[in-house]
Amino acid sequence: MNAMIQEMFWSVQGEGPRCGRPQLFVRLHGCNLTCSYCDTPASLIPRAPQSFPWHGRTVPNPVPLEFLQTLVAPELPFVESVSITGGEPLCQGDFVAAFGRWLCQDMAMEVLLETNGTFPGWLKENTDSFSLVSADLKFPWAQQHRDTAGELLDFLQSRQQSCQDSCKIICDDAFLACASHWLDHMVERGARFPVVLQPLTAADGSCRGVEESMKLVRTYTERGLRIWLIPQMHHLLGVQ
Ligand code: SF4
């Protein structure tokens with residue numbers, strides 16, 4: 001079993017509730033969406049890189065699972081968890097299922113799966129392949145295929161007693177109307193998983209959508225949601 005990998009690197013988590021924690025990032029190539037604000041555009045071009053650097057060597061694509069395991073295993077003592085990210089990692093869902101299961105079950109590692117949230121069926125069927133999930137809530141106009149937001153929220157709600165999953169909403173210019181719709185829906189359902197509003201964050205520290213997001217945090221905290229405002233910290237720190 002092989003994967004097309006965009007890059008692999010050690011860093012600290014820059015988004016969401018686990019900001020600042022040392023992680024190994026395994027970024028898979030490819031995505032099923034084309035968001036205007038995408039900050040990993042290299043993951044979207046049709047052709048994956050022929051290779052990527054790893055500790056002074058060049059690793060050719062595609063990468064067999066067994067070989068990836070030999071690269072990853074020595075790095076595990078230096079991280080709190082492994083982030084499987086993209087692009088959209090679940091475009092290579094069979095590989096992620098096997099790789100994540102090896103990390104969780106055989107290596108006893110925490111696996112953070114960072115997904116755009118458009119594969120809720122995969123999430124439901126492969127809960128032994130990740131420890132927690134950070135899922136974007138993509139609105140219908142961004143999904144291009146079908147609206148999976150309701151199914152995604154059902155999944156997050158089904159795990160909320162036992163997991164630290166979170167749902168992330170990118171605060172781009174067009175998000176407000178739909179954000180309120182889905183936040184209302186979460187209030188009605190009694191959702192208790194953290195909802196992270198993430199302003200688009202430039203390297204100079206400027207953030208878009210903060211004022212509107214602050215209003216949403218105030219309003220929906222009063223209505224019982226766990227709703228947090230967290231910028232893209234890796235952009236502020238100037239790290240990968
Ligand atoms: S889902 Fe994520 S990786 Fe895919 S285009 Fe949107 S922002 Fe980029």
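In each ligand, atom 1 is the first atom listed, and ligand 1 is the first ligand listed.
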ask   = Any luck finding a side-chain donor-acceptor pair between Ser83 and Glu114 under 3.5 Å?
value = yes
message = Whether the Gln164 and Arg18 side chains hold a donor-acceptor pair (N or O, under 3.5 Å, no angle test) is what I'd like checked.
response =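 Yes - a donor-acceptor pair under 3.5 Å links their side chains.
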ask   = Honestly curious: do Val187 and Leu137 fall in one hydrophobic cluster under the side-chain, below-4.5 Å linking rule?
value =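 In one cluster: yes.
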ask   = If you group Ile, Leu, Val, Met, Phe, Trp and Tyr by side-chain heavy-atom gaps below 4.5 Å, do Leu76 and Val96 land in one group?
value =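 Linked within one cluster.
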ask   = Picking from His234, Arg21, Glu80, Gln23, what satisfies side chain to side chain donor-acceptor pair (under 3.5 Å) with Gln13?
value =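 The single option meeting the side chain to side chain donor-acceptor pair (under 3.5 Å) with Gln13 is Gln23.
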request  = Note the single closest protein heavy atom to atom 2 (Fe) of ligand 1, along with its residue, its atom name and the distance in Å.
outcome  = Lys138 NZ, 4.4 Å
query = Can you name the residues that form a ring pair (Phe, Tyr, Trp, His ring centres under 6.0 Å) with Phe67, not counting sequence neighbours?
reply = none
message = With 2.8 Å as the threshold, which protein atoms of type N, O or S lie near atom 8 (Fe) of ligand 1? Leave waters out.
response =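 The answer is Cys38 SG.
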